[in-house]
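Note sheet for the following structure.
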Amino acid sequence: MKRKHILLALIPMLFFGCKKEDSSKPHEQPSEMIQVKFSAEGFQQAIEPRGSKASTITSGIVAAGSEISNLQLLVYDLQNKLIVKKENIKESSKQIDNTFTFEIPKGKYKIGLVGHNASWSTMYFNLNESNPLLHELSMGIHAFPEFPVYTYYFSDAFVYRYKEFDFQSDITLSPLTLSRLTSKLEITVEDAIPAEVKFVLVGGKINPILSPFTGVTTNYNGKGYVVFDVGREALKTNTVLATPIYPYLDKEDQSIELEVLFFNASYKQIGAKTIDKVILKSNHITKLSGKLFKNTSNGSLLTNLSVDYEKEILTGRF
C-alpha cells in the first residue's frame, strides 16, 4: 500500500512537468511571404540630335538608349537592415531588363534604385549594407593613362530615392520612375581647331563621386579631366564637345571654373584656357560656346527651351 501511495503522488508531478515544458516554448507562426513585382522607368531619355553643320565629339556614354548598363535594387526594412539586393545587368545588343520580382515577409519596407553605366570599368557602385544612405557612385581616375593628369570617363547615373511601402499581400506596383543625377555639358568651339592640337581635356576640380541618396558632395580636392580626341576636326569650326558630367548635388547654384588643356599627339601639353562662371545641375544641359583658342571671357548665363532633360538649358559664352 505504501508503494501505491508513492506512485500516485508522483503522477501529478509528471503532468505538471509536461505542462511546464509546453508553456516555455510558445508556438511561433512563420511569417507569411508575399510577392512584389514592379518595373523601373525614366532612364531612357532621347538625346537631342545636332544639326548637320556641327561635328560632335563625345566623351562618356551619351547615345540614346544606352545610358545605363546596371540597375541596382535595394530593399531595407524600417530598422535599416538590407533585406533584398538585386542587380540587372544589360546584355549585349539588348535593352536592360527593367523589371524586378522578389519575395519578402509581410511588413513595411523602403525601396531604392540606382541606375548607372559600368562600361569601360570606370564607374563603380560602392554598397554600404549597414546604412541605406551611404552608397556612392565613383569614377576611376585613369580612364586614359597616357596623360600626365587624372582622366575621367563619365556616364549617366539615375536614382529612385527611398520610398516607404506597406506590403500585406501579393502586389504589382506602378512603375517606379528614376531621376537623372548627371548633367550634360556641351561646348561649341566656334574657332578653328589648330592642326597641332590632338586632344582637348576639360575639367579641373570637377566632381568624381556621387552620393545618390543623400546628395551630399564628398570632399575631393584633386583634379580630373574629360578627354576629347579632336584630331579629325583640325581646322574645322563649330565643333561640339559633349559629355555627361557629375554636378555638385548640394552646390548646384554655385558656379564652377573649368580648365581646358590642349595636348598634341605625343600627349604633351601645349596650351591651356580657363572658363569661369559655369553652372552644372542634375538633369540639365549646360551649353557653352565661344572661341576656345583665343583669350575671351565667359559671359552671363541665359535660359532657353529644350525637349530633353529639364526645359531650362544653362548657356554661356567664353
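Between Phe167 and Phe102, the angle of the ring planes goes over 60°, which puts this pair in the perpendicular group of the 30/60° scheme. Between Tyr267 and Phe199, the angle of the ring planes stays under 30°, which puts this pair in the parallel group of the 30/60° scheme.
Put simply, the side chain of Phe100 does not reach to within 4.5 Å of the side chain of Ile111, judged on heavy atoms. Looking at heavy atoms from C-beta onward, Leu185 lies out of side-chain contact with Ile285 at the 4.5 angstrom threshold. Counting heavy atoms from C-beta outward, Ser289 and Glu190 have side chains that approach closer than 4.5 Å. Residues Asn131 and Asn80 are not in side-chain contact: their nearest non-hydrogen atoms beyond the backbone lie 4.5 Å or more apart. A 4.5 Å side-chain heavy-atom check between Leu74 and Lys85 finds at least one atom pair inside the cut-off. Residues Ile193 and Phe293 have side chains in contact (heavy-atom distance under 4.5 Å, counting atoms from C-beta outward). When side chains are defined from C-beta on, Val189 does not count as touching Lys236, because their heavy atoms never get closer than 4.5 Å. Using a 4.5 Å cut-off on side-chain heavy atoms (C-beta onward), Leu173 and Val36 make contact.
Rounded to the nearest 0.5 Å, atoms NZ (Lys81) and CG (Leu78) are 13.0 Å apart. Taken from CG in Leu181 to CG in Leu249, the straight-line distance is 6.0 Å, to the nearest 0.5 Å. The distance from the OG atom of Ser69 to the CG atom of Asn117 is 4.0 Å, given to the nearest 0.5 Å. Of the inter-residue distances, the one linking Glu32 atom CD with Lys106 atom NZ reads 4.0 Å to the nearest 0.5 angstrom. Between the CD1 atom of Ile83 and the OH atom of Tyr76 there is a distance of 10.0 Å, given to the nearest 0.5 Å. Distance CD/Glu196 to CG/Asn264: 9.0 Å, rounded to 0.5 Å.
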Between Glu41 and Thr177, is the side-chain hydrogen bond (donor to acceptor under 3.5 Å, both in side chains) condition met? List the steps. CA-CA 5 Å; Glu41 63 183 16; Thr177 302; 3.0 Å; yes

As a quick check of understanding, evaluate side-chain contact (heavy atoms from CB on, under 4.5 Å) for Val159 and Phe213, giving each step before the final call. CA-CA 8 Å; Val159 67; Phe213 292 106; 3.8 Å; yes

After noting the C-alpha distance and the side-chain angles of Ser138 and Asn126, does the key distance pass the side-chain hydrogen bond (donor to acceptor under 3.5 Å, both in side chains) rule? CA-CA 8 Å; Ser138 60; Asn126 305 310; 3.2 Å; yes

CA sep, side-chain torsions, deciding dist, call: Phe154, Thr182, side-chain contact (heavy atoms from CB on, under 4.5 Å): CA-CA 9 Å; Phe154 284 102; Thr182 37; 5.9 Å; no

For the pair Val278 and Ser255, evaluate side-chain contact (heavy atoms from CB on, under 4.5 Å) and give the outcome as yes or no after the intermediate values. CA-CA 5 Å; Val278 178; Ser255 63; 5.9 Å; no

Checking Leu178 against Leu71 for the side-chain contact (heavy atoms from CB on, under 4.5 Å) test, could you report, in this order, the C-alpha distance in whole Å, the side-chain angles of both residues, the deciding distance, and whether it holds? CA-CA 10 Å; Leu178 285 76; Leu71 187 58; 4.0 Å; yes

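Tyr160 and Leu134 fall into different hydrophobic clusters, where Ile, Leu, Val, Met, Phe, Trp and Tyr side chains are chained together by heavy-atom contacts under 4.5 Å. A chain of hydrophobic side-chain contacts below 4.5 Å, direct or via other Ile, Leu, Val, Met, Phe, Trp or Tyr residues, connects Ile270 to Leu241. Ile89 and Ile96 fall into different hydrophobic clusters, where Ile, Leu, Val, Met, Phe, Trp and Tyr side chains are chained together by heavy-atom contacts under 4.5 Å.
Side-chain atoms of Glu87 and Asn70 include a donor-acceptor pair closer than 3.5 Å. There is no side-chain donor-acceptor pair under 3.5 Å between Thr274 and Asp276. Between the side chains of Ser282 and Glu252, a donor-acceptor pair is found at a separation under 3.5 Å. Using a 3.5 Å distance cut-off with no hydrogens or angles, the side chains of Asp166 and Gln168 do pair a donor with an acceptor.
Smallest separation of non-hydrogen atoms from Ile206 and Leu258: CG2-CD2, 3.9 Å. Nearest approach of Val197 to Val230, heavy atoms of both residues: O-CG2, 3.8 Å. Taking all atoms of both residues into account, the shortest heavy-atom contact from Tyr109 to Asp77 is CD2-CA, 3.9 Å. Between Gly115 and Ile68 the shortest heavy-atom distance is C-CG2, 3.8 Å. The two residues Ala272 and Gln269 make their nearest non-hydrogen contact at CB-NE2, 3.8 Å. Leu113 and Phe38 make their closest contact through CD1-CE1, 3.9 Å (heavy atoms, listed as atom of the first residue, atom of the second, distance).
At most 12 non-hydrogen atoms from other residues, nucleotides or ligands lie less than 6.0 angstrom from NZ of Lys37. Residue Lys110 qualifies as enclosed at atom NZ: its count of foreign heavy atoms under 6.0 Å is above 12.
Asp156 places no side-chain N or O within donor-acceptor distance of the main-chain N or O of His116, the cut-off being under 3.5 Å. A donor-acceptor contact shorter than 3.5 Å links the side chain of Asp191 to the backbone of Leu292. Proximity of a side-chain donor or acceptor of Thr286 to a complementary backbone N or O of Ile279 within less than 3.5 Å is detected. The closest donor-acceptor contact from the side chain of Asn207 to the backbone of Tyr246 lies at 3.5 Å or more, if one exists at all. In this structure, Thr214 contributes its side chain and Val216 its backbone to a donor-acceptor pair below 3.5 Å. Side-chain atoms of Tyr162 come within 3.5 Å of backbone N or O of Pro132 as a donor-acceptor pair. When atom types are taken as modelled, the side chain of Lys86 and the backbone of Thr101 share a donor-acceptor pair closer than 3.5 angstrom. Between the side chain of Asn98 and the backbone N or O of Ala40, at least one donor-acceptor pair lies under 3.5 Å. Between the side chain of Arg180 and the backbone N or O of His284, no donor-acceptor pair lies under 3.5 Å. Between the side chain of Thr151 and the backbone N or O of Phe144, at least one donor-acceptor pair lies under 3.5 Å.
For Tyr152 and Tyr225, the ring centers are positioned 6.0 Å apart or more.
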